[in-house]
Amino acid sequence: MLAVVYGGRENVTLQTRERPIIQDKGDAIVKVTLTTICSSDIHIKHGAVPRAVPGVILGHEFIGTVAETGEAVKKVKIGDRVAVNVETFCGECFYCKRGFVNNCTNDNGGWALGCRIDGGQAEYVRIPFADNTLTVIPKNVTDEQALFTGDILSTGYWAAKLGELKPADTVVVIGAGPTGLCTMMCARLYSPSKIIALDTDRKRLETAKEQGLADIILSPGKEDLVKRILEETHGRGADAVFETAGGSDTFKLAWKTARPNAVVVVVAMYEEEQILPLPQMYGKNLTFKTGGVDGSDCQEIMDLIACGRMDPSFLITHRCRLKEIMEAYDIFENKRENVLKFAVKP
């Protein structure tokens, strides 16, 4: 089968690999019907994810059809259309029982797919803990609507929960890329008074406005962002700030635009260390929340898509076949052609 393989820093290639087989009674083999490229794949390519294993097949955001199941798999059956969680998790360890599935202590737990074990930029993939990791896609949900359930939509949903949002809050989202747009979509569920989106890319900001995800869009360089946000928040700053961009100065912007006693949620994955300048922020009494997504709400997310409360399919701006994915990597990494997300069909 065709598969995208990480060979080490700056080495990602399309190769022919053997089709995976069942290794454990809780496994399922999924025939991939749609996959995509994530910014985390680009971080892996740049060597910024130390746990990534050279030789692994990339891809952790995909859907497919169950082709085989181990004898212990009960919740899914052969032929089911399924969305795959970015995290495989045992469901039994200390962290899993508390919903912190990203920290599952099993060797194949947490973010393993496409990082430590073979992922879904391939024709077939082995899924450990299939009953926990797979979510059945309802008949009225399309493949493209379901594609982002297990990763960026889970990330946005998780981030919005961390933000402790209340009705009529003012929300700032730094970054209007796919993750930022999903964060805005999920923040909308909490009925904020306004969502302010910041980005250097005007096209992405316009998408946020057109999709009804942002009420106010601001670009650095065109205006004083901190001043504008203070103007929009009665001089206080935002009630919650979500940093999804991971840029050179976006962490600083996050805490500067937050009001005293606000929550700052760091969603972005940084390639460089960030500085927490405690003397400068003394007295703001900020709460910082950060980490990797806990993808434990996939069923709720799928239900929200099925009932029409969320539809992330607008994120798909480009489509290609798996054999064309290396060109897609180039377009996605370099943000050409106003790309948001690819839908890649094996």
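Quantities reported herein were computed from a predicted structural model and do not represent experimental measurements.
- Of the charged side-chain nitrogens involved, none lies within less than 4.0 Å of a carboxylate oxygen, so that R116 and D107 do not count as a salt-bridged pair.
- The closest donor-acceptor contact from the side chain of D27 to the backbone of D24 lies under 3.5 Å.
- Residues forming a side-chain contact (heavy atoms from CB on, under 4.5 Å) with Y95 (at least two apart in sequence, or on another chain): C93, F100, N103, T105.
- Inter-residue side-chain proximity for F342 and C320 is flagged as met; some heavy-atom pair is nearer than 4.5 Å.
- Using a 4.5 Å heavy-atom cutoff, the side chains of I305 and T149 are in contact.
- Relative orientation of the F251 and Y270 rings is perpendicular, given thresholds of 30° and 60° on the angle between their planes.
- Taking Ile, Leu, Val, Met, Phe, Trp and Tyr as members and joining any whose side-chain heavy atoms lie under 4.5 Å apart, directly or through other members, the hydrophobic cluster of Y124 also contains M1, V5, I22, I29, I57.
- For the atom pair I127 CD1 and L113 CG, the distance stands at 5.0 Å (nearest 0.5 Å).
- Checking each of I331, I37, N334 against V339 for a side-chain contact (heavy atoms from CB on, under 4.5 Å) leaves exactly one that passes, namely I331.
- Checked against side-chain contact (heavy atoms from CB on, under 4.5 Å), N108 has the following partners two or more places apart in sequence or in another chain: N106, I117, R126, P128, F129.
- Residues satisfying the salt bridge (Lys or Arg N to Asp or Glu O under 4.0 Å) criterion with E243, sequence neighbours excluded, are absent altogether.
- The salt bridge (charged side-chain N to carboxylate O under 4.0 Å, His left out) analysis of residues 127-150, with sequence neighbours excluded, yields the pairs R81-D143, E144-R319.
- Residues I216 and R228 come closest through the heavy atom pair CG2-NH2, 4.2 Å.
- We find the CG-OG1 distance between D80 and T65 to be 9.0 Å, quoted to the nearest 0.5 Å.
- With contacts defined as side-chain heavy-atom distances shorter than 4.5 Å, the pair F242/I174 does not qualify.
- A distance of 8.5 Å separates OG1 in T170 from CD in E232, rounded to the nearest 0.5 Å.
- Contact detail for R202 and S219: the closest heavy-atom pair is NH1-OG, 3.0 Å.
- Side-chain contact check for C115 versus V49: some heavy-atom pair is nearer than 4.5 Å.
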Please report, to 0.1 Å, the donor-acceptor pairs under 3.5 Å made by any side chain of residues 278-285, with sequence neighbours excluded.
from	atom 1	to	atom 2	distance (Å)
K284	NZ	W255	O	2.8
K284	NZ	A258	O	2.6

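- Residues S296 and D294 bring no donor and acceptor atom of their side chains to less than 3.5 Å of each other.
- If you check the side chains of E10 and H46, you find a donor sitting under 3.5 Å from an acceptor.
- Across all non-hydrogen atoms, the minimal contact from A160 to A187 is CB-N, 4.1 Å.
- The CG atom of N102 sits 11.0 Å away from the CZ atom of F89 when rounded to the nearest 0.5 Å.
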Problem set entry | Stepwise salt bridge (charged side-chain N to carboxylate O under 4.0 Å, His left out) check, D303 with R309 | CA-CA 9 Å; D303 292 343; R309 292 288 303 280; over 6 Å; no
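- Under 4.0 Å is where a charged nitrogen must lie from a carboxylate oxygen, and between K166 and D169 no such pair does.
- H60 and W111 have perpendicular rings, their planes meeting at more than 60° on a 0 to 90° scale where under 30° would count as parallel.
- E164 is linked by a salt bridge (Lys or Arg N to Asp or Glu O under 4.0 Å) to K289, counting only residues two or more places apart in sequence or in another chain.
- Legend: residues meeting salt bridge (Lys or Arg N to Asp or Glu O under 4.0 Å) with E333, ordered by chain and number and at least two apart, are K45.
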For this session: Apply side-chain contact (heavy atoms from CB on, under 4.5 Å) to the pair L286 and F288, showing each step before the final yes or no.
Result: CA-CA 6 Å; L286 297 173; F288 287 86; 3.9 Å; yes
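- For W158, the ring-ring contact (aromatic ring centres under 6.0 Å, His included) criterion is met by no residue, not counting sequence neighbours.
- Side-chain contact between T88 and N132: absent, with no pair of heavy atoms (C-beta onward) separated by less than 4.5 Å.
- Side chain to side chain, T233 and R259 fail the donor-acceptor criterion of an N or O pair below 3.5 Å.
- Placement of V125 and L14 in two distinct hydrophobic clusters is found when ILVMFWY residues are connected by side-chain heavy-atom separations under 4.5 Å, directly or transitively.
- Distance CG/N140 to SG/C307: 9.5 Å, rounded to 0.5 Å.
- In this structure, H43 has no ring-ring contact (aromatic ring centres under 6.0 Å, His included) partners at least two apart in sequence or on a different chain.
- Taking CE of M185 as the reference point, atom CD1 of I195 lies at 10.5 Å (rounded to 0.5 Å).
- Residue I217 shares its hydrophobic cluster (ILVMFWY side chains chained together at separations under 4.5 Å) with L205.
- Each salt bridge (charged side-chain N to carboxylate O under 4.0 Å, His left out) pair with one or both residues in residues 67-76, not counting sequence neighbours, appears once here: R19-E68.
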For this session: Could you check D215 against R188 for salt bridge (charged side-chain N to carboxylate O under 4.0 Å, His left out), going step by step and ending with a plain yes or no?
Result: CA-CA 11 Å; D215 303 291; R188 275 281 181 228; 2.9 Å; yes
